[in-house]
Structures are given as C-alpha cells and as structure tokens.
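Below: one structure, written as structure tokens.
Just so you know, these numbers use all the heavy atoms, side chains as well, and skip hydrogens, waters and symmetry mates. Ligands are counted one by one from 1 in listed order, and the atoms in each one are counted from 1 as well.
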Amino acid sequence: MSNHASPDLFLHPDFDGHENVCFVTDSASGLRAIIAIHRHGEMFAAGGIRMFPYADTQAALRDVLRLSRAMTYKLAVAGLPVGGAKSVIIGDPEVDKTVDLLTAFAGAVDRHGGSYRCGCDVGINADDLSIIRDHTAYTPPARLGDLAIPTATGVYHAIRAGVEVALGKSSLEGISVAVQGVGQVGARLCKMLAADGCRLVAADVDASRSSAVAEDSGATIISPQEILAADVDVLSPCALGSALSRDSLPDIRAKVICGAANNQLAAPDIDHALHTAGILYVPDFVANAGGVIGGLQVDCGYDENESADRVSAIYDSVHAILRLATESGTSTNVAAERFARQILDAK
Ligand code: NAI
C-alpha cells in the first residue's frame, strides 16, 4: 500500500497539521466533497471550490490538502489576516453539476458558520457561485464581479518582475510568452500582455477558447502538446496543476515560468531542478493571489482602490522573494515558503 492510501489520515504525506478536514456527502444530490481548512487565520479561512472528476477519493484528498496549505501561504504573502482553505467536489462539472448538488454544498459551507468562506476555482464559475450564494452568505458578494480579472492582473505584475530579474528588461515590449490554458484567467492575461507588446503563443484543449484568444489578442495557437516546449522567453501555465514535471522539464526552453495555475510543480523537487537548469520559476501561490485579494475586499474591509494596489504589490512581493532566493542560494519556491512562514510566525 502506498503512503497516499494510508488509512491513517494524520500520517498522510500531504497532511500539514490541517485544523479541520471535513468530508461532506448528500445522497439525494450525489454530492461528495471535502472541505479542508489548513489554518483558520485571524479572521476566517478562505479558498475556492474546485469540481473535478478525480480518479478516486485519495486523489481528491491529496489535492485539497495541498491546495489549502498553498492558500495559507498565498494569503500570508498577500498580507491578509485570513487562513488558507479549499474545497473539492468530486465529479465532472460537465455532467454531475446540478442546482441540487451546489445547494447541498452551500449548506455544508453555511454550517461552518463563517469560519470558511468559499469562491470559484476550476470547474466552478460565477453562475455556480450565484446558486451557492442563495444558500450561504459566506461567498464573495456578487458585485465584486469577475475575479479572474484581478488574478490575471496579479500574474501580469509577477511576469513583469520575473522578466526584470531574469532578462534584465523593464518593459514587456517584444517579450515572447507561451500561455498554457486560455480559460477565465489565461484569456485575460493574454489581452494584458498583448497590450504591452508581447508576442503570444497559446494553447488550450478547448479549441473554441484558443480561437477566441487568437482573435482577441493576436496569439499564435499551437497544440497543447507543444506549448510547454515553445521557444519563448516566458512560459505561463494557466491550465491545471502539475504542468512542471520530470517529463516536461527537459523540453522547457523559457527562461521564466510564471502563471496562474495552482500547484504547478508536480513534485516539490521540480523547483530545485528548475533552479539548477537556470529557469526562474515565480511561485504560483505568489503570482496568482490577485483573485483572492479582490474577493476578500469586503470581508477584510478595504475598497476597490486598495484592492488594486494590493494586486499591483504582487510585483514587489515577487521581487522580495527573488532577492531572498538569490541571497540564500535557494530555489524560488523554498524562498517563497520561507517568506510566507516568516510572516505567519511574526503574527
Ligand atoms: P478555467 O477552467 O477557466 O481555464 C483553464 C483552461 O485550461 C481551460 O480553458 C481548459 O480547457 C484549459 N486546459 C486544461 N488542460 C489543459 C492542457 N493540458 N493544455 C492546455 N489547456 C488546458 O480556469 P481558470 O479560472 O482560468 O484558472 C486557471 C488556473 O488558475 C487554475 O489552475 C486555477 O486553479 C488557477 N487560479 C484561478 C483563479 C481564478 O481567479 N480563476 C485564482 C487563482 C488560481
């Protein structure tokens, strides 16, 4: 039996002292979900809902434990007094997502009494969130709109910082960027990069999405199999996690990797391999914090202008983390986790 299948959840390799892990079922709607609160934080815990056709419960558990821990680090670096959490709903969003299932899930969020606040993630869109919002107050207010915009904006600022450090260029004009996955975030990022004069290459498994981006941003579309190996300055993983693996690493030609996808590293030591290969990896949880910064503005008591300033400050956080990595001779992910832990320990 592998460690992942250990019946003792406290010994699970991805268990990191999570403060609350809740298995949720509803037989009428077929809901099977896990809500993991890594840290409750000073105010509450927050993190999106992912709906995905996990191969089994172990795969879902692994994902929710890793994602909720990354949320704690993301929120710490973003300077918010909120702990990290995440939910996963086991199922195919195209097939299994129903109003009843979302309503049952909202009930589970509501029963946390505000200690957990949810938002969108892969497989759960703004329309789904509006159904959930009918049954619990613990979601971002509808008026905050599309949070993929601040997420893309944060990634854009993180790319600027990464390009400055790795390529010594203060402008993105003429920089080539390959975007893997042009969904809610990737498509918006392409628009921002195109406006700055970047040369874009993009790929999506959904052909309708890639052709929309070709039209909107002038991106050259290549196949999803080719995108990680594209001959570009920057690779931006904006699809699902684990894009950076032992298999994909030898093919990567970009000098900077910076994207929105959560858990880009298929295994923790890939970060070290990227470092050794001279590729600057901007840690995902630092680059993609814009959505949560935008989504928590009401709960945390700041306005739209301050929210925009906090999203722009991702640029400064990336610089600080890259400096720390250089000074300490560590990989960027190790430096980012150290940076986050320093903030958490100082509380
Ligand atoms: P999305 O589901 O709208 O877009 C993902 C896109 O990737 C889809 O168009 C999908 O067809 C495509 N895709 C999937 N596998 C692919 C592959 N192998 N090659 C190429 N394309 C592929 O999701 P969204 O909201 O744009 O999020 C993207 C990533 O950013 C996710 O990993 C998400 O967890 C992360 N993220 C999103 C935030 C948000 O505000 N939406 C906030 C923070 C992180």
Side-chain angles (χ1 to χ4, degrees), residues 46-53 63-64 66-68 70-71 73-75 77-78 84-89 92-94 97 118-129 139-140 144-156 158 178-192 201-214 216 219 221-230 235-245 247-248 257-266 282-296 307 311 314:
I49 312 156
R50 175 170 292 192
M51 183 164 188
F52 189 75
D63 211 24
V64 80
R66 293 184 72 198
L67 288 165
S68 56
M71 280 304 296
Y73 286 180
K74 180 187 306 198
L75 288 157
V77 174
K86 201 84 184 184
S87 308
V88 294
I89 298 177
D92 183 343
E94 300 298 326
K97 195 161 61 182
C118 62
C120 292
D121 193 58
V122 172
I124 296 290
N125 58 32
D127 292 341
D128 304 324
L129 206 58
T139 59
L144 293 181
D146 182 355
L147 295 172
I149 296 171
T151 301
T153 307
V155 175
Y156 161 79
V179 182
Q180 181 200 37
V182 283
Q184 302 181 85
V185 178
R188 286 166 176 91
L189 177 65
C190 283
K191 261 196 156 164
M192 295 172 195
V201 181
D204 201 295
V205 289
D206 180 338
S208 65
R209 289 188 162 180
S210 36
S211 52
V213 160
D216 272 11
I221 303 306
I222 60 174
S223 79
Q225 289 72 31
E226 294 170 313
I227 192 78
L228 295 175
L235 170 64
S236 186
C238 294
L240 295 177
S242 298
L244 309 174
S245 66
D247 289 342
S248 64
I257 300 179
C258 179
N262 285 307
N263 290 346
Q264 289 169 33
L265 305 173
V282 179
D284 45 19
F285 68 86
V286 181
N288 69 13
V292 80
I293 292 171
L296 290 176
S307 180
V311 173
I314 289 175

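Within the 4.5 Å cutoff, side-chain heavy atoms of Pro93 are placed close to those of Pro53.
For the atom pair Arg66 CZ and Leu265 CG, the distance stands at 8.0 Å (nearest 0.5 Å). A distance of 7.5 Å separates CD1 of Ile227 from CG of Leu235, quoted to the nearest 0.5 Å. Atoms SG and CG, on Cys258 and Leu189 in that order, are 8.5 Å from each other to the nearest 0.5 Å. In this structure, the separation between NZ on Lys191 and CD1 on Ile149 is 9.5 Å, given to the nearest 0.5 Å. How far CD of Gln184 is from CG of Asp146: 6.5 Å, rounded to the nearest 0.5 Å. Distance CD1/Ile124 to CG/Leu129: 8.5 Å, rounded to 0.5 Å.
Residue-level proximity to ligand 1 for Ala203 is carried by the backbone, the only part with a heavy atom below 4.0 angstrom. The proximity of Ala260 to ligand 1, defined as any non-hydrogen pair under 4.0 Å, involves the side chain as well as the backbone. Residue-level proximity to ligand 1 for Val205 is carried by backbone and side chain together, each with a heavy atom below 4.0 angstrom. Of the heavy atoms in Arg209, only side-chain atoms (C-beta onward) come closer than 4.0 Å to ligand 1. With a 4.0 Å heavy-atom cut-off, ligand 1 is reached by the side chain of Asp121 but not by its N, CA, C or O. Residue-level proximity to ligand 1 for Asn262 is carried by backbone and side chain together, each with a heavy atom below 4.0 angstrom.
Looking only at heavy atoms of the protein, atom 29 (C) of ligand 1 is closest to Ala239 O, 3.2 Å. Of all protein heavy atoms, the one closest to atom 40 (O) of ligand 1 is Thr151 OG1, 2.7 Å. Here the heavy atom of the protein found nearest to atom 43 (C) of ligand 1 is Asn288 O, 3.6 Å. Nearest protein heavy-atom neighbour of atom 3 (O) of ligand 1: Gln184 N, 2.9 Å. In terms of protein heavy-atom proximity, atom 4 (O) of ligand 1 is closest to Gly183 CA, 3.3 Å.
Between Lys97 and Asp92, no side-chain nitrogen of the basic residue sits less than 4.0 Å from a carboxylate oxygen of the acidic one, so the salt-bridge criterion is not met. Remark: Arg50 engages Asp121 in a salt bridge, criterion side-chain N to carboxylate O under 4.0 Å.
Of all atoms in ligand 1, numbered sequentially from 1 with element shown, those under 4.0 Å from a heavy atom of Leu147 are 40 (O). In the vicinity of Arg50, heavy-atom distances shorter than 4.0 Å reach the ligand 1 atoms 34 (O).
Checked by distance only, ligand 1 and Val185 come closer than 3.5 Å through their nitrogen or oxygen atoms. For Pro224, no nitrogen or oxygen atom sits less than 3.5 Å from a nitrogen or oxygen atom of ligand 1, counting backbone and side chain alike. Annotation: Lys74 places no N or O atom under 3.5 Å from an N or O atom of ligand 1; distance criterion only.
A donor and an acceptor atom, one from each side chain of Ser208 and Asp206, are located under 3.5 Å apart. Side chains of Asn262 and Asn288: a donor on one and an acceptor on the other come within 3.5 Å.
Of the candidates Cys238, Gly181, Gly186, Ala243, the one placing a heavy atom closest to atom 5 (C) of ligand 1 is Cys238. Considering each of Val155, Asp204, Val179, the one bringing a non-hydrogen atom nearest atom 9 (O) of ligand 1 is Asp204.
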